[in-house]
Amino acid sequence: MDKERRLIIAGNWKMNKTVAEALDLVNGIKREVASVKEVDIVVCPPFTALSEVSKAILNSNLRLGAQNMNENGYGAFTGEIAAGMLKEFSVRYVILGHSERRQCQKETDQLISKKALAAHGASLKPIVCVGETLAERDGGLTEKVLDTQVRGSLAGLSKAQMEETIIAYEPVWAIGTGKTATAAQAQEAHAFIRRLVGKLFDQNIARRARIQYGGSVKPSNARELMGLPDVDGALVGGASLDDRSFGEIVRNSI
Ligand code: PEP
């Protein structure tokens, strides 16, 4: 596949896996993707497994991501994790504003932009998630919702910071449901987001910006989705919990 932008495929393990299970999974993924050089491959275990997974992927082609972080530095924020703490485990990426956090933890675009700025402050690359619900899509509001979320979540980022930011388009109705956006729906949303990044930053940044698709990505649909002109990788939930499925998604995307 000949794309100007390097694909990035990340596995979001969510609230799954003990440390022992996480090690089994990451060792399996390592074997599955050992020969892949063309794609950035990221695993995002729960916080409790970051330390061991970090050691397990030393000298491999896998990189480490976290699933969330707090927008503040150190201090009195019980139960929270700061960007600096993630750095201790060589975390490179952090998922921000996943729809589950937007829904369950009521995260707002404003909060997500604060987190993105804090992530950049610690040289972590944020993966900023946006996406519409089914009601919003059915109501013809997809572009309006994406416009609000992208503007709000990326607010305050410098051009240089945007260059190091990844956007994940994840239609909420496709997450964990087995329903995937059609190729046309995904391409349309990604092209819309890219145009918006062009307006908010500049055309060169938009051309280089990496926009992942997320929502029931599996081995059988990865090739078609990753082949779309404005799709630059995937954020994978369920299928990233199985080393063979995740490996196949990665290999099918090349
Ligand atoms: C996700 O949680 O980011 C996701 C896309 O999940 P799934 O692949 O299971 O739909």
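Atoms within a ligand are numbered from 1 in the order they appear, just like the ligands themselves. These numbers come from a predicted model, not from an experiment.
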Quick test of your reading of the model: are Lys55 and Glu52 salt-bridged, counting only N-O distances below 4.0 Å?
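A salt bridge is present here (some side-chain N lies under 4.0 Å from a carboxylate O).
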Is it true that Arg102 and Glu107 make a salt bridge, defined as a side-chain N closer than 4.0 Å to a carboxylate O?
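Judged by the 4.0 Å cut-off on N to carboxylate O distance, Arg102 and Glu107 do not form a salt bridge.
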Contact residues of ligand 1, where a non-hydrogen atom lies under 4.0 Å away
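Heavy-atom contacts below 4.0 Å: Asn12, Lys14, His98, Glu170, Ala174, Ile175, Gly176, Gly214, Gly215, Ser216, Leu235, Val236, Gly237, Gly238.
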May I ask you to check whether Thr165 and His120 show a side-chain donor-acceptor distance below 3.5 Å?
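There is such a pair (donor and acceptor under 3.5 Å, judged by atom type) between the side chains of Thr165 and His120.
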Looking at Arg207 and Glu4, would you say the former's side chain and the latter's main chain have a donor-acceptor pair under 3.5 Å?
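Absent.
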For Asn221 and Lys218, indicate whether the former's side chain and the latter's backbone hold a donor-acceptor pair under 3.5 Å.
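Checked: pair present.
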Distance-only check: which donor-acceptor pairs under 3.5 Å involve side-chain atoms of residues 77-89, not counting sequence neighbours?
{"residue": "Glu80", "atom": "OE1", "partner": "Asn70", "partner atom": "ND2", "Å": "2.9"}
{"residue": "Lys87", "atom": "NZ", "partner": "Ala122", "partner atom": "O", "Å": "3.3"}

